[in-house]
Each structure stands twice: as structure tokens, then as C-alpha cells.
**Q** 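If you scroll down you'll find the structure; I have some questions about it.
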Amino acid sequence: MLSTSLAVTQPLKQAGRIKVLIVTSKQRAQGQPDVPTAAEAGYPALTMETAGGLYGPKGMPDNLRASIAADFRNIAENDPIIAKRLADTGQIMTLRGPAEFAASIKEQNDQLAGIAKTLGLKAAQ
């Protein structure tokens, strides 16, 4: 069993070498609509969103952050090449503003910290 991105597994799946059982996202991947979500498969606790996005330097002014986010959203929503490339690699794009993105990163960190605690894992020194 392996938990990784669909971009990594897609070539192996297409070649018939592996079977992708679930995706851990909240929704099915456009590029692999036959693969159920963890929740659909009966494992809602395995749901985990990926927090990929644009990062800037600490202390970046909020108006600059908002402007970059708006420009990126405009390009991502209106460029069919981007949508196709993301779908081809099994990526799901959720366009969020800076505050929502920060909240999603915190949510993922909290989820991973809970898993680490359950497993008795400690931070590396």
C-alpha cells in the first residue's frame, strides 16, 4: 500500500501495473472519476486535502497577497491548458484566498499532529 499523489501513480495505473483504490481528497479527481474518495469507500477518517499553493515572504502586505491571489485565480479559471494539465495528472484545484489557504494548511497540520500523537511519533531533533 502506498499513499502518494495521483500524478505519481497515473502512469502505472494507465499501464495496468497498479490499482488505485481511493483518493484522500474530499472530491473525486477529474482525471480519474472511477476512483472513489476515502469517504465514499467507507473511510472518512482518511480524508486529507493537499495544501499546495503560492507562498510569499513573511510580512508580505495583505493587498499584495490579495492581488497575486486574484491574478492567479483569473489565470487558473480562464486558461484551459492549466485545467487540462491538472486533470491529466489527477490534481484537484481549489481556488482559495490567502486566509482560506492559511486555514487549510493549519487544518492539515492539526490533522497530521493528531495522527503523529496517536502513533506515538515525536518530532525529529
**Q** Taking only residues two or more places apart in sequence or in another chain, which ones pass side-chain hydrogen bond (donor to acceptor under 3.5 Å, both in side chains) with Arg28?
**A** Glu40

**Q** Would a distance-only check, ignoring hydrogens and angles, find a side-chain to backbone donor-acceptor pair under 3.5 Å from Gln32 to Gln10?
**A** no

**Q** Taking all heavy atoms of Ala45 and all of Gln111, pick out the closest pair and write down the distance.
**A** O-NE2, 4.0 Å

**Q** Taking atom CG of Leu119 as the centre, report whether more than 12 heavy atoms of other residues, nucleotides or ligands fall under 6.0 Å from it.
**A** yes

**Q** When you group the ILVMFWY residues by side-chain heavy-atom contacts below 4.5 Å and let the links chain together, are Val35 and Leu12 in the same group?
**A** yes

**Q** If you look at every heavy atom in Leu46 and Ile22, which pair is closest and at what distance?
**A** CD1-CD1, 4.1 Å

**Q** Would you check, one step at a time, whether the test side chain to side chain contact (heavy atoms under 4.5 Å, CB included) holds for Val23 with Thr37?
**A** CA-CA 5 Å; Val23 293; Thr37 66; 4.1 Å; yes

**Q** Do you reckon Ile105 sits in the same ILVMFWY cluster as Phe72, going by side-chain contacts under 4.5 Å, direct or chained?
**A** no

**Q** Take atom CZ of Arg85 as the centre, draw a 6.0 Å sphere, and report whether it contains more than 12 heavy atoms from other residues, nucleotides or ligands.
**A** no

**Q** What pairs with Gln27 under side-chain contact (heavy atoms from CB on, under 4.5 Å), at least two apart in sequence or on another chain?
**A** Ile92

**Q** What is the minimum heavy-atom distance between Pro11 and Val8, and which atoms define it?
**A** CD-O, 3.6 Å

**Q** Do Tyr43 and Leu6 land in one hydrophobic cluster if side-chain heavy atoms of ILVMFWY residues count as linked below 4.5 Å?
**A** no

**Q** Which heavy atom in Gly97 sits nearest to a heavy atom in Arg73, and how many Å separate them?
**A** N-NH2, 3.7 Å

**Q** Nearest 0.5 Å, please: how far is CG in Asn63 from CD1 in Ile68?
**A** 9.5 Å

**Q** If hydrophobic clusters are built from ILVMFWY residues whose side chains come within less than 4.5 Å, do Leu64 and Ile75 share one?
**A** yes

**Q** What is the distance from atom NZ of Lys26 to atom CD of Glu49, rounded to the nearest 0.5 Å?
**A** 5.0 Å

**Q** For Leu54 versus Phe101, what's the shortest heavy-atom pair and its separation?
**A** O-CE2, 3.8 Å

**Q** Tell me if a side-chain donor or acceptor on Asn78 pairs with a main-chain N or O of Asn74 at a distance below 3.5 Å.
**A** yes

**Q** Is the backbone of Gly114 close enough, under 3.5 Å, to the side chain of Thr118 for a donor and an acceptor to pair up by distance?
**A** yes

**Q** Out of curiosity, Asn109 CG to Ser104 OG, how far, rounded to the nearest 0.5 Å?
**A** 9.5 Å

